[in-house]
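Below is one structure; the comments refer to it alone.
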Amino acid sequence: MITLTILLTVLGFYMLLLTSKRAAIPTSVPERKLALSNKQVFKVTALILLLAAFVVLSLVWGIASGIISEFIILSIVASLAVILVPLQVINYKQMSVIFIVSFIFEIYFAYAS
(Lines give C-alpha, C1' and ligand atoms only; values in the text may rest on other atoms or scores of the structure.)
Protein backbone atom coordinates (compact mmCIF):
# COMPACT_ATOMS: atom_id res chain seq x y z
CA MET A 1 0.00 0.00 0.00
CA ILE A 2 2.91 2.35 0.61
CA THR A 3 4.08 1.87 -2.98
CA LEU A 4 0.67 2.97 -4.23
CA THR A 5 0.70 6.12 -2.10
CA ILE A 6 4.24 6.98 -3.18
CA LEU A 7 3.20 6.48 -6.82
CA LEU A 8 0.18 8.75 -6.36
CA THR A 9 2.36 11.37 -4.68
CA VAL A 10 5.02 11.22 -7.39
CA LEU A 11 2.45 11.52 -10.18
CA GLY A 12 0.57 14.32 -8.44
CA PHE A 13 3.64 16.41 -7.69
CA TYR A 14 5.14 15.77 -11.14
CA MET A 15 1.95 16.99 -12.77
CA LEU A 16 1.99 20.12 -10.64
CA LEU A 17 5.67 20.66 -11.41
CA LEU A 18 5.01 20.44 -15.15
CA THR A 19 2.39 23.20 -14.94
CA SER A 20 4.61 25.53 -12.91
CA LYS A 21 5.83 28.74 -14.51
CA ARG A 22 8.93 28.95 -12.34
CA ALA A 23 10.23 25.42 -12.80
CA ALA A 24 13.21 25.13 -15.12
CA ILE A 25 11.94 22.14 -17.06
CA PRO A 26 13.49 21.69 -20.52
CA THR A 27 11.19 21.73 -23.52
CA SER A 28 12.56 18.34 -24.55
CA VAL A 29 10.46 16.69 -21.81
CA PRO A 30 7.52 15.28 -23.82
CA GLU A 31 4.98 15.74 -21.01
CA ARG A 32 5.74 19.46 -20.80
CA LYS A 33 3.90 20.32 -24.03
CA LEU A 34 0.85 18.35 -22.96
CA ALA A 35 0.87 19.99 -19.55
CA LEU A 36 1.12 23.50 -20.96
CA SER A 37 -1.80 22.94 -23.33
CA ASN A 38 -4.01 21.44 -20.58
CA LYS A 39 -2.91 23.34 -17.48
CA GLN A 40 -6.21 23.36 -15.62
CA VAL A 41 -6.84 19.64 -16.16
CA PHE A 42 -3.33 18.79 -14.99
CA LYS A 43 -3.67 20.88 -11.83
CA VAL A 44 -7.04 19.43 -10.86
CA THR A 45 -5.90 15.87 -11.57
CA ALA A 46 -2.70 16.40 -9.60
CA LEU A 47 -4.58 17.72 -6.58
CA ILE A 48 -6.97 14.76 -6.74
CA LEU A 49 -4.01 12.35 -6.83
CA LEU A 50 -2.35 14.04 -3.85
CA LEU A 51 -5.62 14.03 -1.93
CA ALA A 52 -6.11 10.33 -2.75
CA ALA A 53 -2.63 9.60 -1.38
CA PHE A 54 -3.50 11.43 1.85
CA VAL A 55 -6.76 9.50 2.18
CA VAL A 56 -5.18 6.12 1.50
CA LEU A 57 -2.43 6.62 4.07
CA SER A 58 -4.91 8.00 6.60
CA LEU A 59 -7.10 4.92 6.18
CA VAL A 60 -4.19 2.50 6.41
CA TRP A 61 -2.17 4.02 9.25
CA GLY A 62 -4.67 6.29 11.01
CA ILE A 63 -5.37 9.97 10.60
CA ALA A 64 -2.43 11.57 12.41
CA SER A 65 0.29 9.16 11.34
CA GLY A 66 -1.08 9.00 7.79
CA ILE A 67 -0.99 12.77 7.39
CA ILE A 68 2.50 13.06 8.90
CA SER A 69 3.77 10.19 6.74
CA GLU A 70 2.29 11.72 3.61
CA PHE A 71 3.90 15.07 4.35
CA ILE A 72 7.25 13.33 4.77
CA ILE A 73 6.77 11.40 1.50
CA LEU A 74 5.67 14.58 -0.25
CA SER A 75 8.71 16.54 0.93
CA ILE A 76 11.08 13.78 -0.21
CA VAL A 77 9.35 13.45 -3.58
CA ALA A 78 9.29 17.22 -4.07
CA SER A 79 12.98 17.57 -3.27
CA LEU A 80 13.96 14.79 -5.65
CA ALA A 81 11.67 16.01 -8.42
CA VAL A 82 12.93 19.57 -8.29
CA ILE A 83 16.50 18.30 -8.57
CA LEU A 84 16.13 15.38 -11.01
CA VAL A 85 13.50 16.55 -13.51
CA PRO A 86 15.48 19.50 -14.96
CA LEU A 87 18.60 17.33 -15.19
CA GLN A 88 16.66 14.54 -16.95
CA VAL A 89 18.52 11.91 -14.94
CA ILE A 90 15.61 9.49 -14.80
CA ASN A 91 12.83 8.81 -17.31
CA TYR A 92 9.43 7.18 -17.10
CA LYS A 93 10.71 3.72 -18.10
CA GLN A 94 13.18 3.65 -15.22
CA MET A 95 10.53 4.94 -12.82
CA SER A 96 8.13 2.23 -14.00
CA VAL A 97 10.70 -0.48 -13.31
CA ILE A 98 11.44 0.98 -9.86
CA PHE A 99 7.75 1.03 -8.91
CA ILE A 100 7.07 -2.47 -10.24
CA VAL A 101 10.03 -3.94 -8.35
CA SER A 102 9.04 -2.01 -5.23
CA PHE A 103 5.45 -3.27 -5.48
CA ILE A 104 6.62 -6.87 -5.94
CA PHE A 105 8.86 -6.61 -2.87
CA GLU A 106 6.04 -5.05 -0.85
CA ILE A 107 3.63 -7.84 -1.76
CA TYR A 108 6.23 -10.51 -1.19
CA PHE A 109 7.27 -9.26 2.26
CA ALA A 110 3.69 -8.62 3.35
CA TYR A 111 2.29 -12.02 2.42
CA ALA A 112 5.32 -14.36 2.37
CA SER A 113 5.14 -15.26 6.02
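Quantities reported herein were computed from a predicted structural model and do not represent experimental measurements.
To the nearest 0.5 Å, the span separating OG on Ser20 from CG on Leu36 amounts to 10.0 Å. With rounding to the nearest 0.5 angstrom, the OG1 atom of Thr45 is 10.0 Å from the CG atom of Leu16. Taking OG1 of Thr9 as the start and CG of Leu4 as the end, the distance is 9.0 Å to the nearest 0.5 Å. In this structure, CD1 in Ile48 is found 8.0 Å from CG in Leu51, a value given to the nearest 0.5 Å. Between Leu49 atom CG and Met15 atom CE the span is 6.0 Å, to the nearest 0.5 Å.
Hydrophobic clustering of Ile, Leu, Val, Met, Phe, Trp and Tyr side chains at less than 4.5 Å, counting indirect connections, keeps Val55 apart from Ile67. Hydrophobic clustering places Leu17 together with Met95 (ILVMFWY residues linked when any side-chain heavy atoms are closer than 4.5 Å, directly or through intermediates). Phe54 and Leu59 fall into different hydrophobic clusters, defined by Ile, Leu, Val, Met, Phe, Trp and Tyr side-chain heavy atoms under 4.5 Å apart, directly or through other members. Val82 and Ile90 end up in the same hydrophobic cluster when Ile, Leu, Val, Met, Phe, Trp and Tyr side chains are linked at under 4.5 Å. Val97 and Tyr92 fall into different hydrophobic clusters, where Ile, Leu, Val, Met, Phe, Trp and Tyr are joined by side-chain heavy atoms under 4.5 Å apart, directly or via other members.
A side-chain donor from one of Glu31 and Tyr14 sits under 3.5 Å from a side-chain acceptor of the other.
Environment of NZ in Lys39: crowded, with over 12 heavy atoms of neighbouring residues, nucleotides or ligands closer than 6.0 Å. Within a 6.0 Å sphere centred on CZ of Phe99, heavy atoms belonging to other residues, nucleotides or ligands number more than 12. Crowding of Gln94 atom CD: a count of heavy atoms from other residues, nucleotides or ligands under 6.0 Å exceeding 12.
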Take Leu34 and Phe42, measure what side chain to side chain contact (heavy atoms under 4.5 Å, CB included) needs, and give me the verdict at the end.
CA-CA 9 Å; Leu34 183 64; Phe42 263 63; 4.0 Å; yes
Would you check, one step at a time, whether the test side chain to side chain contact (heavy atoms under 4.5 Å, CB included) holds for Leu50 with Leu8?
CA-CA 6 Å; Leu50 289 173; Leu8 290 174; over 6 Å; no
Criterion side-chain hydrogen bond (donor to acceptor under 3.5 Å, both in side chains) on Thr5 and Glu70, from CA distance to verdict
CA-CA 8 Å; Thr5 58; Glu70 182 59 29; 4.9 Å; no
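Shortest non-hydrogen contact noted between Gly66 and Trp61 is N-CB, 4.3 Å. The two atoms that bring Leu18 and Arg32 nearest to each other are O-NH1, 2.7 Å, heavy atoms only. Counting all heavy atoms, side chain and backbone alike, Gly12 lies closest to Ala46 at O-CB, 3.2 Å.
Inter-residue side-chain proximity for Ile2 and Val60 is flagged as unmet; no heavy-atom pair is nearer than 4.5 Å.
At distances below 3.5 Å, not a single donor-acceptor pair connects side-chain atoms of Ser102 with backbone N or O atoms of Ile98.
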